[in-house]
Colleague: 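Here it is: the structure, laid out below.
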Amino acid sequence: MIRKSLIPLALLSAVSLMTGCKSQMDKYIDNLMSKMTVEQKIGQLNLHSAGGFISALKVTEDDENIKALRRGEIGALYGSGDVSYNRQLQEIALESGAGIPLIFGMDVIHGYQTIFPVPLALSTSWNMDLIERTSRAAAKEASASGINWVFSPMVDIARDARWGRIVEGAGEDPYLGGEIAKAYVYGYQGHDDKFDKDEVLTCVKHYALYGGAEAGRDYNSVFLSRQEAMNGFMRPYAEAAKAGAASYMSSFNEFEGIPASANKYLLTDVLRDQFGFNGFVVSDATAVQEMVAHGIGNLQEVSARALQAGLDMDMNSDGFVATLKKSLDEKRISKKDIDIACRRVLEAKYKLGLFEDPFKYLDEERAKTEIFTDETRALAREAANESQVLLKNNGILPLKTSAKVAVIGPFADDKESMSGAWAMSKMNSQNVSIYQGIKELSHNIVTKAEGSWMMYDEDLEFNVKYGLMATFMPGFKGAPIHTVPQERLISEALAYARNADVIVACVGESNTMNGEGASRSDISLPDAQEDLLKALKSTGKPIVMVLTTGRPLVLNWEEENMDAILVTWSEGSEAGHSIADVLYGNVNPSGKLTTSFPRSVGQEPLYYNHKNTGRPHPDYDPYKKFTSNYMDVINAPLYPFGYGLSYTTFEYSPIKLSSDSMREKGKVKASVEVKNTGNYDGMETVQLYIHDCLSTSTRPVKELKGFQKIFLKAGEKKKVEFEITAEDLKYYNHELEYVCEPGDFEIFIGPDSQDLSRAILTLK
Ligand code: BGC
């Protein structure tokens, strides 16, 4: 049943609706808003959780959401991908209040039902087309499930591996992060501003600077200068806006003493006035209410501050619905403040086409046929194939199919952990485990053993495994942990190991050891698993370590003692197939790290694009007094940003510049020749870095400014060329002007951020 207020829209031509014609949209929304009460407008600014992440949903009249919906107090819901439930809710929304359709959101982060590699893994593919295709597929599945708004991409730059949410982003580099942000937005929303029925609104998060949390502690304060924020962190948010992102999510952290959700500098001056964003901003879950704990006012005050700073929608705090009318009556805020936010939300609904057809995304037929298809699973395997990073290989890889393999470790046959953080898929139990994948490709005996507890601390392991349920389900108990003694697990594993030609040790972090609220102060392999590796080492058999993780770990012992190390992150639905593809050489690994792997947690935050300081210390030199270094560890990471091996080898020629100087309006070409000198065909990501040698503000020692992923057959050679323009030389100076300054620039090209050849370019 569609309410009368929707009818005038039917008179508007479908074509102009679909093209999002501004004046028609304005007229429609003007007309609609002229009939809305203040309460109804405030209702549009309220987002509730449908609560459907863990339990099935049913419409009942005593449900708080249904009551609020009937009162016209909800503009959007998230957390339900149940088409028939969402359809019923949409009907209620159309019968209530101003009769405005709901938007349905969901944390679709790296796939919806078909799970793709976690974002950090995907970023190591350096393949923008691939990333776009995964978010395209996720949009199709989500939209077939009644969802038209995804809380992705997460584009927070993260320099500190202690922070659990490093897994959700694209790593430490703002240039790469910006390219990846665009790829996600295009995948979800398409390349134009109209929304087909399988395209959805994106929500870029967490705006802003959430990844700068102090000491990697989640939700913590960010202490960055505006200049460092703009140069080191903001680019991905800006690029997403350029790509047309429809919404942003304000973050939990404070910046310059003001929580992001009430920070006018971030939400209005930068996001809208500078980046040109014109969609709506939603708070992170309960972030409005959390500003009370931040200590900047009661719920009424923080709600008013948030609205006036540029926040349009309140997720889960009920701060807006509970207090904005009162603030208006008391003249703390104006009608205009409410209208601005309400219009932005209505515009999003209009652009989605919901006024024309509120049920556009609620098609039960699609839900039956477009989810978890052979096609999406093939894409998941392809994505995982390109998202593995080979850190070490003494020649044991690729494995021979004739070898007897013992697959050992807590992740050997663990399906759920393959999905990684933020995977709400009902299909997680159908993920392909590593053992399964190996068994399918091997021509010899494959055995498996759990080998170890996750960690010795039983309480911690309980928390890791059940923390989420324990938080949300009162009285939750969970199955007992550590039921089989560790010694028995190890001795079983050793029996298999001794009988094998090669051990594949599947160790690392479970899907609940990273992600939100999962920061760690010790980022080595958990103790019990470390002991398993040591026991396996004592057999003298070659060991390939397959590392499941959502963050860089400290791997010094492993680097010395393992025969090969393959980082497989959490690769999603097709993990096992894809990992076996790489282990057996059907796929040549090509992933390159997008986060530095430290030698010691004490090096964190660790990132390649750091400043030089006045007392620089060479990365690989031993300790020296009165320079910027540590007594007990060198400055260099164990594995640098951009690093990753292949089964083949690549040789780079020195850089050639088409000219050694340029003017601001000019351009110069920098090129190298890359030759595949090994025996396998392979892909290589060629990276361009630039260092500004002379500038009015200090600049990083190098910054990524370009990359190309190329394919070379064994023995083949290709010229790779980058065009350098003033754009690549610019930065935000102390006055926050985006400028390039005359002087010398070092130009570097190479296979990673350390192994580079160099030339000098002068900007005149
Ligand atoms: C997270 C967001 C997420 C939201 C809704 C928050 O706790 O920070 O990333 O989108 O919950 O589930």
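Start at 1 with the first residue, then count along the sequence. We count ligands from 1, going down the list as the structure has it; atoms in each ligand are counted the same way. None of the values given here were measured: they were computed from a predicted structure.
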Colleague: Please list, in number order, the atoms of ligand 1 under 4.0 Å from a heavy atom of D284.
Modeller: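 Atoms satisfying the 4.0 Å criterion: 1 (C), 2 (C), 3 (C), 4 (C), 6 (C), 7 (O), 8 (O), 11 (O).
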Colleague: Using heavy-atom distances, let me know which of D156, D107, V108 sits nearest atom 3 (C) of ligand 1.
Modeller: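 Heavy atom nearest to atom 3 (C) of ligand 1 belongs to D107.
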Colleague: Let's go through W569 and F411 carefully: what are the C-alpha distance in whole Å and the side-chain angles of both, what is the deciding distance for ring-ring contact (aromatic ring centres under 6.0 Å, His included) to 0.1 Å, and is it a yes or a no?
Modeller: CA-CA 11 Å; W569 316 105; F411 301 99; over 10 Å; no
Colleague: Should you measure from each heavy atom of H206, which atoms of ligand 1 turn up under 4.0 Å away?
Modeller: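 Under 4.0 Å from H206, ligand 1 has these atoms: 2 (C), 8 (O), 9 (O).
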Colleague: Using a strict cut-off of less than 4.0 Å between a Lys/Arg side-chain nitrogen and an Asp/Glu carboxylate oxygen, indicate whether D269 and K264 qualify as a salt bridge.
Modeller: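 A salt bridge links D269 with K264.
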Colleague: Once you restrict to heavy atoms under 4.0 Å, what part of E516 touches ligand 1? Side chain, backbone, both or neither.
Modeller: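 It is the side chain that touches ligand 1; the backbone stays farther off.
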Colleague: Enumerate the atoms of ligand 1 whose separation from the nearest heavy atom of F252 is less than 4.0 angstrom.
Modeller: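 Under 4.0 Å from F252, ligand 1 has these atoms: 7 (O), 8 (O).
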Colleague: Of all the atoms in ligand 1, which lie at a distance below 4.0 Å from a heavy atom belonging to Y78?
Modeller: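 Listed by number with element, the hits are 5 (C), 12 (O).
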Colleague: So does G319 get a backbone contact from the side chain of D314, meaning a donor-acceptor N/O pair under 3.5 Å?
Modeller: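 Yes; at least one donor-acceptor contact below 3.5 Å.
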Colleague: Suppose I only count heavy atoms of K205 and a 4.0 Å limit; which atoms of ligand 1 are within that range?
Modeller: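 By the 4.0 Å cutoff, the relevant atoms are 2 (C), 3 (C), 9 (O), 10 (O).
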Colleague: Ligand 1 versus W422, non-hydrogen atoms closer than 4.0 Å: side chain, backbone, both, neither?
Modeller: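 Side chain only; the backbone of W422 stays clear of ligand 1.
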Colleague: Is any NZ, NE, NH1 or NH2 atom of the basic residue among E228 and R159 found under 4.0 Å from an Asp or Glu carboxylate oxygen of the other?
Modeller: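 Looking at R159 together with E228, the answer is yes, because their closest N to O distance falls below 4.0 Å.
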Colleague: Measure the distances from the heavy atoms of E168 to every atom of ligand 1 and state whether one is below 4.0 angstrom.
Modeller: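 E168: no contact with ligand 1 (<4.0 Å).
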Colleague: Measure R165 to ligand 1 on non-hydrogen atoms and call it side chain, backbone, both or neither using the 4.0 Å cut-off.
Modeller: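 For R165, only side-chain atoms sit under 4.0 Å from ligand 1.
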Colleague: Flag the pair I296 / E301 as yes when at least one side-chain heavy-atom distance between them is below 4.5 Å, and no otherwise.
Modeller: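 Contact flag for I296/E301 side chains = no.
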Colleague: Between the side chain of S570 and the main-chain N/O of S417, is any donor-acceptor distance below 3.5 Å?
Modeller: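 Judged by distance alone, yes, a pair lies under 3.5 Å.
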Colleague: Treating R366 as the side-chain partner and K197 as the backbone partner, does any N or O pair qualify as donor plus acceptor under 3.5 Å?
Modeller: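 Pair found, side chain donor or acceptor close to backbone of K197.
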